Amino acid sequence: MSKGADPVTQFLISRPQGGDVLVGGVRLTVFPLQNNKLGSWDNNTDDTQEYTQEYTSELKVTKGSEVGNAINLPVAFQSVEISAEYGQKTFSRAETTDPKTEITVVEVPPRSELFFYQREYVFRSDVFFIVDAGNEKWIVGSVTGNSIVHTECEVVINSADYFTTRTELTGETEINVDTTRVSDFTKGREILKFDDCTERTKNVLRAMGIDGVVAEPRV
């Protein structure tokens, strides 16, 4: 899949028991919108026919769930705004943290075929960390301190948005993320070597599978 908009940074806070504060910076890359076909009906009669269609709104962390769960990643998406050719979109609680299954009634006109689609959003999240201990804040770095520790999550949101059309769809829709309300929290922060972090911080990061060894992020 090709990249959609430039990355946007969102921030979450995870507070490990004991006092240290880890701030998880989430730099989002949004992919083209997918329209998933959930159903179709071919009405060969002279009367309008009614059918039912079930769909589920939910967020799934498809890669990096250990990190996503630790920093409560789904909550970040409640403040993300995106735009596409159909208009603006802000994700609801059902689409992010409280999955919901609904059934809707679909009317198919006489002598016609109708397709039912649900909009799906895919994000890649490059996550980095800032440690707050002793009133000082540092970016968590690698073992050598030459680069920032980061890890990658992938998120799929099956939205509450659905629509019907008489034409079967093909292709993707480009979407963009609103970047006006965020800033780069890494600016002006010094890198703290992984081994110089508190034991509590290292233990929390290791529980996420992060050990200070850095791989280059994808672009």
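Bear in mind that the values here come from a model prediction, so they are computed numbers and not experimental data.
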Problem set entry | Full working for side-chain contact (heavy atoms from CB on, under 4.5 Å) between V127 and C153 | CA-CA 7 Å; V127 183; C153 300; 4.2 Å; yes
Exercise. Is it true that atom CZ of R111 has more than 12 heavy atoms of other residues, nucleotides or ligands lying nearer than 6.0 Å?
Worked result: yes
For this session: Return yes if some donor-acceptor pair links the side-chain N/O of D161 with the main-chain N/O of R119 below 3.5 Å, else return no.
Result: no
For this session: Measure from the ring center of Y121 to the ring center of F31 and say whether it is less than 6.0 Å.
Result: no
Exercise. So how far is it from E66 CD to I210 CD1, rounded to the nearest 0.5 Å?
Worked result: 9.5 Å
Problem set entry | Distance in Å, L114 CG paired with Q53 CD, rounded so as to fall on 0.5 Å steps | 10.5 Å
For this session: Answer yes or no: is there a side-chain heavy-atom contact under 4.5 Å between F128 and V140?
Result: no
Exercise. Going by distance alone, is a donor N or O of one side chain under 3.5 Å from an acceptor N or O of the other, for N36 and Q118?
Worked result: no
Exercise. Are F116 and Y51 close enough, and set up right, to give a ring pair (Phe, Tyr, Trp, His ring centres under 6.0 Å), and what steps lead you there?
Worked result: CA-CA 11 Å; F116 185 102; Y51 300 89; over 10 Å; no
Exercise. Can you check whether I139 reaches L192 side chain to side chain, under 4.5 Å on heavy atoms?
Worked result: no
For this session: May I ask you to test the E120-L33 pair for a side-chain heavy-atom distance under 4.5 Å?
Result: no
Problem set entry | Contact check, side chains of V149 and L205, non-hydrogen atoms, under 4.5 Å | no
For this session: Tell me yes or no: between the side chains of Y117 and T164, is some donor less than 3.5 Å from an acceptor?
Result: no
Exercise. For the atom pair OG1 (T101) and CG (N158), what is the distance rounded to the nearest 0.5 Å?
Worked result: 10.5 Å
Exercise. Would you say the side chain of T97 lies within less than 4.5 Å of the side chain of P74, judging by non-hydrogen atoms?
Worked result: yes
Problem set entry | Expected output: side-chain D98 to main-chain A94 donor-acceptor under 3.5 Å | no
Problem set entry | Side-chain (N43) to main-chain (V108) donor-acceptor, under 3.5 angstrom | yes
Exercise. Side chains of K100 and Y55: closer than 4.5 Å at any heavy-atom pair?
Worked result: no
Problem set entry | Backbone of G68 reached by a side-chain donor or acceptor of S65 within 3.5 Å | no
For this session: Look up atom SG in C197 and atom CH2 in W138, then write down how far apart they are to the nearest 0.5 Å.
Result: 9.0 Å
Exercise. Taking C-beta and beyond as the side chain, do L73 and V75 meet within less than 4.5 Å on heavy atoms?
Worked result: no
For this session: Go through the side-chain N and O atoms of Q78 and T96 and say whether any donor and acceptor fall under 3.5 Å apart.
Result: yes
Exercise. Can you find a side-chain donor-acceptor pair between T144 and N146 that sits under 3.5 Å?
Worked result: yes
Problem set entry | Short side-chain to backbone donor-acceptor contact, R124 and E154, under 3.5 Å | no
Exercise. For E113 and R166, what are the C-alpha separation, side-chain angles and deciding distance, and is it a salt bridge (charged side-chain N to carboxylate O under 4.0 Å, His left out)?
Worked result: CA-CA 6 Å; E113 188 173 14; R166 296 189 184 188; over 6 Å; no
Exercise. Side chain of E95, backbone of A160: donor and acceptor closer than 3.5 Å?
Worked result: yes
Exercise. Do F115 and S40 come close enough that some side-chain heavy atom pair is under 4.5 Å?
Worked result: yes
